[in-house]
Q: 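Can you read through this structure? Questions will come right after.
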There are 2 protein chains.
Amino acid sequence: MRTIGYHHGDLRRTVLDAAVEAIGESGLDGWSLRELARRAGVSHAAPAHHFGDKAGLLTALAAEGFDLLADTLREAGPDFLAAGLAYVRFATEHPAHFGVMFQPKLYRADDDAVRQARDRAGALLAQGARTVAASAGSEITARAGWSIAHGFASLWLAGALPMPPNTDPLDAARPVLRRLLDH
Amino acid sequence: MRTIGYHHGDLRRTVLDAAVEAIGESGLDGWSLRELARRAGVSHAAPAHHFGDKAGLLTALAAEGFDLLADTLREAGPDFLAAGLAYVRFATEHPAHFGVMFQPKLYRADDDAVRQARDRAGALLAQGARTVAASAGSEITARAGWSIAHGFASLWLAGALPMPPNTDPLDAARPVLRRLLDH
DNA sequence: ACGGCGAACTTGTCAATGGAAAGATAGAGA
DNA sequence: TCTCTATCTTTCCATTGACAAGTTCGCCGT
């Protein structure tokens with residue numbers, strides 16, 4: 001766990017964090033592996049040892065993202081509104097992960113770690129979304145719930161929703177998600 | 001309108017089309033300006049004259065995309081289900097445009113052409129989404145309608161929705177969008 | 001203690017890229 | 001015909017992703 005010397009000690013984590021930061025600043029492709037290496041204070045080829053290539057790094061980020069999402073959903077419980085708000089919260093708190101996760105062409109979506117984490121999040125998601133209306137076709141309902149939460153989160157992150165400044169995304173999302181429940 | 005010689009005749013359109021094709025094949029950043037130039041049969045610096053830089057090209061694509069979306073929505077009319085399906089149809093028929101449009105960091109979102117086209121699409125969108133339930137708070141309703149259509153389209157394009165192969169996205173979207181109307 | 005084994009990291013290199021600068025071409029109007 | 005100007009080419013440079021080969025050092029068995 002040293003921070004200086006030939007062996008960094010925790011390069012993998014450091015580079016992942018640097019990637020998250022860089023993506024947050026400059027978007028999904030406004031950065032370079034070499035820049036991350038510079039931020040971490042290592043040589044330009046060091047990251048390759050841990051991730052192979054750029055897609056490898058993004059694959060690790062996607063897997064981490066699905067894991068974080070699954071944790072968030074698990075904590076929120078099986079209620080639709082709670083799960084939907086948790087989904088939006090995850091997206092706004094981890095925009096870099098969220099952005100990568102749903103851009104499968106950027107990484108290796110068939111990676112084992114990614115697939116496992118995604119399945120775990122998917123199961124929790126379906127469970128939460130299905131509580132919208134137990135009577136109605138649950139597949140359709142699950143898709144509607146996921147769509148509205150994902151759509152709101154995506155539009156929010158894209159800055160497409162005209163909102164007064166300093167609006168809390170969760171406060172904005174709550175009535176929108178509720179529209180699926182009651183009219 | 002020549003296809004050979006020093007002056008291409010329609011380079012701007014040709015490069016835009018090549019970009020759409022390349023994005024469709026390799027994703028939002030799996031291509032290069034030089035590759036587009038090669039496909040168009042011109043020198044690697046020719047596109048720069050029309051677009052300035054890569055962000056300029058994507059700015060043009062985004063503007064075109066918002067214009068296409070506005071046209072699609074206008075044809076669909078003010079009914080929510082029709083507008084929502086039109087939105088999904090636009091996304092699936094023009095995935096490259098759609099992908100760029102909602103990734104503002106890729107282009108100059110404050111460009112005049114972009115802003116005008118986006119505002120036009122936004123107005124039509126709000127109008128359509130508001131017909132979900134005229135009585136309820138129309139702002140919230142509009143956001144819910146937009147969210148569910150946008151979310152479904154995004155998840156569909158990301159391949160996140162497990163579906164039998166050869167499913168028509170519109171057939172899949174219809175019952176999902178309807179979930180917002182009736183329970 | 002100590003010796004070597006392998007993971008972690010570095011240095012060096014190459015083709016490809018984005019972008020800028022400066023020159024060449026040709027179509028269109030005076 | 002002559003000139004003007006948008007369009008396109010050629011040349012050049014710093015940066016990048018990826019690979020190959022060499023270096024360092026933590027760790028494990030003895």
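Predicted model, so just to flag it, every value in this text is computed and none were measured. Chain letters run A, B, ... following the sequence lines, proteins first and then strands; every chain starts at 1.
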Q: Could you give me the CA-CA distance, side-chain angles and deciding distance for His94(A) and Phe98(A), then say whether ring pair (Phe, Tyr, Trp, His ring centres under 6.0 Å) is met?
A: CA-CA 6 Å; His94(A) 305 280; Phe98(A) 187 79; over 10 Å; no
Q: Side chain of Val42(B), heavy atoms from C-beta onward: which of dT10(C), dT9(D), dG19(C) has the nearest atom to it?
A: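 Taking heavy atoms from C-beta onward, the closest nucleotide is dT9(D).
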Q: When you measure from the side chain of Ser43(B), which nucleotide among dT11(C), dG18(C), dT9(D) comes out closest?
A: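 Nearest to the side chain of Ser43(B) among the choices is dT9(D).
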Q: Would you mind reading off the distance between Asp29(A) atom CG and dT15(D) atom C1', rounded to a whole angstrom?
A: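 Taking CG of Asp29(A) and C1' of dT15(D), I get 15 Å after rounding.
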Q: Which nucleotide wins on minimum distance to the side chain of Ser32(B), given the candidates dT10(C), dT17(C), dG17(D)?
A: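 Nearest to the side-chain atoms of Ser32(B), counting from C-beta on, is dT17(C).
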Q: Mind checking Ala48(B) for me? I need base, sugar-phosphate or nothing, with any heavy atom below 4.0 Å counting as a touch.
A: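 Since no nucleic acid heavy atom lies under 4.0 Å of Ala48(B), the category is nothing.
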Q: Rounded to the Å, how far apart are Leu33(A) CG and dT17(C) P?
A: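 Going from CG in Leu33(A) over to P in dT17(C) covers 17 Å.
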Q: In plain terms, say whether Arg13(B) and Asp10(B) are close enough for a salt bridge, that is, a side-chain N and a carboxylate O under 4.0 Å apart.
A: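 Answer for the salt bridge query: no.
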Q: Within residues 100-114 of chain B, which residues have any heavy atom lying less than 4.0 Å from an atom of DNA chain C?
A: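 Contacts with DNA chain C under 4.0 Å: none.
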Q: Roughly how many Å is it from CZ in Phe51(A) to C1' in dA18(D), rounded to a whole number?
A: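 From Phe51(A) CZ to dA18(D) C1': 16 Å.
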Q: Return the orientation label for the Phe102(B) and Tyr87(B) ring planes: parallel under 30°, perpendicular over 60°, tilted otherwise.
A: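 Ring orientation, 0 to 90° scale: tilted.
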Q: Once you round it to whole Å, what is the distance between P of dT7(D) and CZ of Arg13(B)?
A: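 Computing the Arg13(B):CZ to dT7(D):P distance gives 15 Å.
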Q: Counting heavy atoms from C-beta on, name the nucleotide in dA18(D), dC19(D), dT9(D) closest to the side chain of Ala45(A).
A: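 Per side-chain heavy atoms of Ala45(A), the pick is dC19(D).
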Q: To the nearest Å, how far apart are Arg34(B) CZ and dA15(C) C1'?
A: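 Roughly 11 Å, once rounded to whole Å.
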Q: Between dG19(C), dC8(D), dT13(C), which nucleotide gets closest to the side-chain atoms of Ala46(B)?
A: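 Ranking dG19(C), dC8(D), dT13(C) by closest atom to the Ala46(B) side chain puts dC8(D) first.
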Q: Specify the separation, in whole Å, of atom CD of Glu35(A) and atom C1' of dT16(D).
A: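 Answer to the nearest Å: 12 Å.
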Q: What pair of heavy atoms forms the shortest contact from Ala86(A) to Thr72(A), and how long is it?
A: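 Answer, listing the atom of Ala86(A) first, then Thr72(A): O-CG2, 3.6 Å.
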Q: If I take atom CZ from residue Arg143(B) and atom CG from residue Leu125(B), how far apart are they, to the nearest 0.5 angstrom?
A: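 The CG atom of Leu125(B) is 12.5 Å from CZ of Arg143(B), to the nearest 0.5 Å.
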Q: In whole Å, I'd like the distance from the CG atom of Asp53(A) to the C1' atom of dA16(C).
A: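 The distance from CG of Asp53(A) to C1' of dA16(C) comes to 16 Å, rounded to the nearest Å.
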Q: May I ask you to verify whether the side chain of His49(A) and the base of dT10(C) hold a donor-acceptor pair under 3.5 Å?
A: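 Donor-acceptor pair under 3.5 Å: no.
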Q: Is the phosphate of dC9(C), meaning OP1 or OP2, less than 4.0 Å from a side-chain N or O of His50(A)?
A: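 True: His50(A) side-chain N/O within range (under 4.0 Å) of dC9(C) OP1/OP2.
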Q: In whole angstroms, how far is the P atom of dG19(C) from the CG atom of Leu57(B)?
A: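 Between P of dG19(C) and CG of Leu57(B): 10 Å.
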Q: Considering residues at least two apart in sequence or located in another chain, which fulfil the side-chain contact (heavy atoms from CB on, under 4.5 Å) criterion with Glu93(B)?
A: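 Arg89(B).
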Q: Enter the distance from Leu28(A):CG to Leu58(A):CG here, rounded to the nearest 0.5 Å.
A: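 Atom-to-atom, Leu28(A):CG and Leu58(A):CG are 8.0 Å apart.
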Q: Check every strand shown and say whether Arg38(B) touches a base, only sugar-phosphate, or nothing at a heavy-atom separation below 4.0 Å.
A: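 If one applies the 4.0 Å heavy-atom cut-off, Arg38(B) turns out to touch the sugar-phosphate alone, with no base involved.
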